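Positions are given from 1, in the same order as the sequence printed here. It should be emphasised that the depicted structure is a prediction, and the values quoted were computed from it without experimental measurement.
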Amino acid sequence: MKFKEMMQKCSEIKGKCGSVAARIKPDLTNKKHNYIAAAVCLVLALAVLIVSACQFSSFRNYQTEFVLREGVVDDVLKFHEYSRYLEGTSGDSDIYVINGTENTVALVKEGEAGNYANGVPEGAKLCAVEGSDAQIDAATATLGLAEGDIALLGSAEDAAQAVKDGTYDAAVLRHGDAKKLTGDGLAIAEAELEKVPSLLVIGGTHPNEPAGQLTATLFLENAVMERGILYVVTELNKSAYSHSQPQEGSPWYYEFEVDGTTRTFKYGARASNPVDQWPTPDVYTHSSGQQLSSSEVRNINRAYPGSETGTFTEQIAWAITNFVNTEQVTMVIDLHEASPEYEVINACVYHQDSAAIASNASLFGFMNIGEDIKMEVSALNLHGLTHRELGDYTSAYVFLFETSNASQGKIHGKFTSDLILYDGYQDKYYEASLEKGLLYAPAVSINVRVARHTESVSSIIEGFNLSDCYSRSSYEYSYLENPPESQYLGDFLISGIPDYTEVTENGVANYLLPSEK
């Protein structure tokens, strides 16, 4: 090849290379920009993920404040005491205990309290306060004593001193007096000297039904127990309070201003957190053989009577079943809400064995509400619910109440804390639905919903007292070695609970205690 031709070829190749280089340079520049943009997006996404994770971790671990009145709440039990595998989990809720001041108890030396775990030992020397006829009669009847077997002293302080110095083994006292004298070497024995009725008020079965939790809180923070035992659960399914309902976009908290402080409550989901129970089967099969949709497998109100070794949700249900049987709870009231478009609303659902109490409550109690309460007996073939299973598998009289909750429905507009409280607020979609006759009940404020619940619980108590009830002794099965015999219980005496009119006029916040945080 001639030199000239070679130079021409080289020139052509150079030109082509220059053309390719010209195209490559901007491509490399674009890729660089793309890498930078991708890196920025990745950093932003990571930042959003970290912030969201921190916020949700804060929500999951947030402990709602329940103010315990000093000298009023006698004990705080844990669910794991009745369902052992719950210890250390998000299902280990609290059971608050308030004993009646008029209950009869035995005050003994602290070191000898263990001797009274199964009752008062035979031959124990007893003393009481002269004039405390109710306590003396109760102890005499329970222990099978004869007149004069209990020595009479001048005061509760005298009786306590007589136990302390060894003159007597135990003092038979009012619980209110005995509690003031504990400490300094004295303790209240576990021995049962009087059979009294007890009530378990359950709130927080479904954390997207806030009136239940607020009513339970109102009882915890206001009740004055005179005779009987009040048990309160404010967060039955604590796991369900640790996450929000998928695709609802619901707020995580709602608040009340109380005497210059803020009381904050969580708004959670209907079912246990999937983090605590997974996987979810396509079909949920209850222990009775009943089959339900998969979503119900984490719904505690489809899990009763539960199982100590079952799913996480069944273990929580078992804690309540075992507690009711172990402590021989007389009445159980489970507080719920329903959407305005749901048929079973503003209703009392009761186990068939509780019919007499429900009837008396309907005749002499619910009238104070000024609105109709639908009375429904528990369906025999609908399993897993408190009113069915606790009524069958425990000795308790069981009831469930529903109120009208707009935030639980599907017709509403923007989901805010205003929708939850519905106080001075109206959702235009629910109001339009009401006008068209599409609802079973109007959407109402949290004050009305809690007022209905407080009045309903008070009505059941009144119905119980009017029924002259005995404790139930026969139920489908019992794992207890010695199921208790039926006994007359007497009245359940409680005060301090505001009625329907007071709550609707003054508002829920008026009956919550100021925050101590």
Side-chain angles (χ1 to χ4, degrees), residues 52-68 73-98 117 190 200-208 212-213 216-217 220 231-246 252-253 264-281 284 287 296-327 329 332 334 384 386 389-390 394 479 516-517:
S52 299
C54 290
Q55 287 181 331
F56 200 75
S57 175
S58 174
F59 172 67
R60 176 172 169 82
N61 297 313
Y62 180 83
Q63 298 296 316
T64 302
E65 179 184 19
F66 302 102
V67 182
L68 306 186
V73 177
D74 295 297
D75 202 357
V76 182
L77 307 173
K78 301 293 289 187
F79 274 26
H80 78 257
E81 296 175 48
Y82 302 92
S83 189
R84 56 182 172 169
Y85 298 116
L86 292 177
E87 186 169 9
T89 73
S90 64
D92 200 8
S93 294
D94 297 321
I95 305 171
Y96 303 103
V97 185
I98 303 177
E190 293 181 22
L200 170 61
V201 176
I202 297 176
T205 293
H206 296 141
N208 61 339
Q213 181 183 63
T217 304
L220 175 64
Y231 300 108
V232 179
V233 173
T234 54
E235 294 178 306
L236 178 69
N237 192 351
K238 205 169 184 179
S239 170
Y241 276 100
S242 70
H243 71 132
S244 54
Q245 196 80 1
W252 292 350
Y253 307 96
T264 302
F265 295 86
K266 296 170 77 174
Y267 186 91
R270 180 177 173 80
S272 303
N273 196 324
V275 170
D276 296 317
Q277 182 178 322
W278 189 262
T280 299
Y284 165 47
S287 57
E296 300 288 25
V297 73
R298 291 181 288 109
N299 179 359
I300 191 170
N301 208 34
R302 298 296 184 275
Y304 290 98
S307 169
E308 186 178 27
T309 57
T311 67
F312 178 77
T313 306
E314 288 174 334
Q315 290 174 23
I316 300 174
W318 174 251
I320 289 296
T321 303
N322 192 20
F323 167 75
V324 171
N325 273 331
T326 302
E327 305 302 332
V329 177
V332 176
D334 189 11
T386 48
E389 308 299 355
L390 290 182
T394 78
Y479 50 88
E516 296 180 344
K517 291 183 178 179

Salt bridge (Lys or Arg N to Asp or Glu O under 4.0 Å) filter on Glu296, not counting sequence neighbours, yields Arg302

Decide yes or no on side chain to side chain donor-acceptor pair (under 3.5 Å) for Asn237 and Ser272, but give the supporting numbers first. CA-CA 7 Å; Asn237 192 351; Ser272 303; 3.0 Å; yes

I want to check something: taking the side chain as every heavy atom from C-beta on, are [X] and [Y] in contact at a cut-off of under 4.5 Å?
X: Thr64; Y: Tyr241; result: no
X: Val324; Y: Val332; result: yes
X: Val73; Y: Val97; result: no
X: Pro274; Y: Thr280; result: no
X: Tyr82; Y: Leu77; result: yes
X: Thr386; Y: Asn301; result: yes
X: Phe312; Y: Arg298; result: no
X: Gln315; Y: Glu308; result: no

Do any N or O atoms from the side chain of [X] and from the backbone of [Y] form a donor-acceptor pair under 3.5 angstrom?
X: His206; Y: Gly212; result: no
X: Glu314; Y: Thr311; result: yes
X: Asn61; Y: Ser57; result: yes
X: Gln277; Y: Thr313; result: yes
X: Thr89; Y: Leu86; result: yes

Taking only residues two or more places apart in sequence, or in another chain, which ones meet Asp276 in a side-chain hydrogen bond (donor to acceptor under 3.5 Å, both in side chains)? Arg60, Ser90, Ser239

Does any donor atom in the side chain of Thr321 or Asn325 lie under 3.5 Å from an acceptor atom in the other side chain? no

Can you tell me how far [atom2] of [Y] sits from [atom1] of [X], rounded to the nearest 0.5 angstrom?
X: Ile320; Y: Leu200; atom1: CD1; atom2: CG; value: 5.5 Å
X: Ile202; Y: Thr234; atom1: CD1; atom2: OG1; value: 11.5 Å
X: Phe265; Y: Glu235; atom1: CZ; atom2: CD; value: 9.5 Å

Apply the side chain to side chain contact (heavy atoms under 4.5 Å, CB included) test between Tyr96 and each candidate in Val76, Val233, Thr217; give the one that qualifies. Val76

On the six-membered ring of Phe59, is Lys266 placed so that its NZ or CZ lies under 6.0 angstrom from the centre and within 45° of the ring axis? yes

Derivation and outcome, ring-ring contact (aromatic ring centres under 6.0 Å, His included), residues Phe323 and Phe79: CA-CA 8 Å; Phe323 167 75; Phe79 274 26; 8.2 Å; no

Cationic N near anionic O, under 4.0 Å, Asp92 to Lys238: no

Are Tyr253 and Tyr62 an aromatic pair, judged by ring center distance below 6.0 Å? yes

